[in-house]
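What follows is a single structure, written as structure tokens, with notes after it.
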2 protein chains.
Amino acid sequence: MTETKVPRRTTARLEEQLCFAVYQAGHAFTRMYRSALAELGLTYPQYLVMLALWDGDGVTVKALGERLSLDSGTLTPLLKRLEVAGLIRRERSREDERQVLLHLTEAGEALREKGGCVPITMGRAIGDAVHPDGRLLGDLKRLRDALLKAADQD
Amino acid sequence: MTETKVPRRTTARLEEQLCFAVYQAGHAFTRMYRSALAELGLTYPQYLVMLALWDGDGVTVKALGERLSLDSGTLTPLLKRLEVAGLIRRERSREDERQVLLHLTEAGEALREKGGCVPITMGRAIGDAVHPDGRLLGDLKRLRDALLKAADQD
DNA sequence: GACAATTCAATTGTGCACGATCTAAATCAC
DNA sequence: GTGATTTAGATCGTGCACAATTGAATTGTC
């Protein structure tokens, strides 16, 4: 008997997997943001950190890390780069010398105005590809929570 | 006059941004896959490459890169690691010496069976957080395409 | 055939992302 | 109070991700 040409479909096609769709959408966002953020001198993760700090500074590295789900191994060097860029200050807390408090500088605060136009650029890029009803947002949050819950269990 | 405590809402809240939701879901997937793939000895991007090759090997680095939207700077070292692990072979094409063809080894082919259980693990993790109707998948594809189209234009 | 332009992969440098480990500070137990 | 435990960040090593450059092979043009 000759071998059949029909592929053994033991694994789903790459393009039909949810994980791959999320992976690709994430890359597409990163790429889109890269050009939009270039003139601010920020990378995409740095922009997320600034967004968090514009929402309220004086937070600890740990609190920031929990909000972004990033650990100190990622944040410490990133925050140092933001400090070198003159956008934030990092100073040890007086009450608890273990923690480092993050504060916006004048320049960091000022960048908020310029950064405001970025989501608008994004909105135009997305156009009408996404319903503005937040359905996709809700779906993604549910997905994330389910994955994290499962990861905790084992 | 004292300064008001009302935050100037010039930027949307981090948690309500689509880009952040995609970013977080992507991380959650990566984390979930990390543990599921540990026993296969693969990282998540390596698993995606294997998925693509299980779907048909003998492809060029360029073709693989287009499918995954990754460039040679990312793929070359990753593929070398897969080669060292004994899962693939990389050989220059006879007809066109510029291109490198990727082939599965016996071990790489065999790994397909073990890899088959990974999406099942994932499906269980996701549970009923995502409708199985592919709505989310479709939404993400549309989002990705819109972002890529916009990135091309400028 | 000679030479310019293009194409493919590899390389280099920067920056995330995370596990593992380390140090210092704070907290707990007694 | 002394010692054990816990906590917050920093550091190190590995592995993606991508821009930019390089070098070799191919293709196109004359």
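Note on naming: letters A, B, ... go to the chains in the order of the sequence lines (proteins, then strands), and numbering restarts at 1 for each one.
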Would you list the protein and nucleotides 25-27 of chain C atom pairs, both N or O, that sit under 3.5 Å from each other?
{"from": "C:dA26", "atom 1": "OP1", "to": "A:Glu97", "atom 2": "N", "distance (Å)": "2.9"}

Quiz item: Quick check: does any side chain N or O of A:Thr105 sit under 3.5 Å from a backbone N or O of A:Gly86, one acting as donor and the other as acceptor?
Solution: yes
Quiz item: Who pairs with B:Phe20 by ring-ring contact (aromatic ring centres under 6.0 Å, His included), at least two apart in sequence or on another chain?
Solution: none
Exercise. Return the minimal non-hydrogen interatomic distance between B:Gly58 and B:His103, and the atom names on each side.
Key: CA-CE1, 3.6 Å
Practice problem: Could you name each residue pair satisfying side-chain hydrogen bond (donor to acceptor under 3.5 Å, both in side chains) that touches residues 123-132 of chain A, not counting sequence neighbours? | Solution: none
Self-check item: Shared hydrophobic cluster, A:Leu101 / A:Leu53 (ILVMFWY, side-chain heavy atoms < 4.5 Å)
Solution: no
Self-check item: Shortest non-hydrogen contact between B:Arg89 and B:Glu91, atoms and distance
Solution: NH1-OE1, 3.2 Å
Quiz item: Which pair of heavy atoms, one from A:Gly108 and one from A:Trp54, lies closest together, and at what distance?
Solution: O-NE1, 2.9 Å
Practice problem: Scan for salt bridge (Lys or Arg N to Asp or Glu O under 4.0 Å) pairs involving residues 28-46 of chain A, sequence neighbours excluded, and state none if there are none. | Solution: none
Exercise. Using modelled atom types only, decide if a donor and an acceptor are shared between the side chain of A:Thr76 and the backbone of A:Gly73 within a distance under 3.5 Å.
Key: no
Practice problem: Name all residues meeting the salt bridge (charged side-chain N to carboxylate O under 4.0 Å, His left out) criterion together with B:Asp139; count only those two or more places apart in sequence or in a different chain, and write none if there are none. | Solution: A:Arg135, B:Arg142
Self-check item: Sequence neighbours excluded, every pair satisfying salt bridge (Lys or Arg N to Asp or Glu O under 4.0 Å) that has a member inside residues 70-83 of chain A
Solution: A:Glu83-A:Arg90
Practice problem: Sort out for me which residue in B:Leu111, B:Asp57, B:Leu87, B:Leu82 forms a side chain to side chain contact (heavy atoms under 4.5 Å, CB included) with B:Leu104. | Solution: B:Asp57
Quiz item: Tell me: CG of A:Leu75 to P of C:dG15, nearest whole Å?
Solution: 16 Å
Quiz item: Taking the side chain as C-beta and beyond, is there a heavy-atom pair between A:Met50 and A:Arg112 under 4.5 Å?
Solution: no
Nucleotide N/O of nucleotides 18-23 of chain C paired with protein N/O under 3.5 Å:
{"from": "C:dC18", "atom 1": "OP1", "to": "B:Arg31", "atom 2": "NE", "distance (Å)": "3.2"}
{"from": "C:dC18", "atom 1": "OP1", "to": "B:Arg31", "atom 2": "NH2", "distance (Å)": "2.6"}

Quiz item: Going by heavy atoms in the side chains, are B:Leu64 and B:Leu70 under 4.5 Å from each other?
Solution: no
Quiz item: Which of residues 76-92 of chain B sit near DNA chain C, with a heavy atom under 4.0 Å from it?
Solution: B:Thr76, B:Lys80, B:Arg90, B:Arg92
Quiz item: Do A:Leu75 and A:Val49 have side-chain heavy atoms sitting under 4.5 Å apart?
Solution: yes
Exercise. Look only at the side chain of A:Ser35 and the backbone of A:Met32, and say whether a donor-acceptor pair between them is shorter than 3.5 Å.
Key: yes
Self-check item: Watson-Crick and G-U pairing of DNA chain D written in dot-bracket, each distance under 3.5 angstrom, with | for inter-strand partners
Solution: ||||||||||||||||||||||||||||||
Exercise. Go through residues 59-66 of chain A and report each residue with a non-hydrogen atom lying under 4.0 Å from DNA chain C, sorted by number.
Key: none
Quiz item: Mind checking what makes salt bridge (charged side-chain N to carboxylate O under 4.0 Å, His left out) contact with B:Glu16, not counting sequence neighbours?
Solution: A:Lys141
Quiz prompt | Bounds of contact between DNA chain D and chain A, in 5' to 3' order, using a heavy-atom cut-off under 4.0 Å | solution = D:dT7 to D:dA19
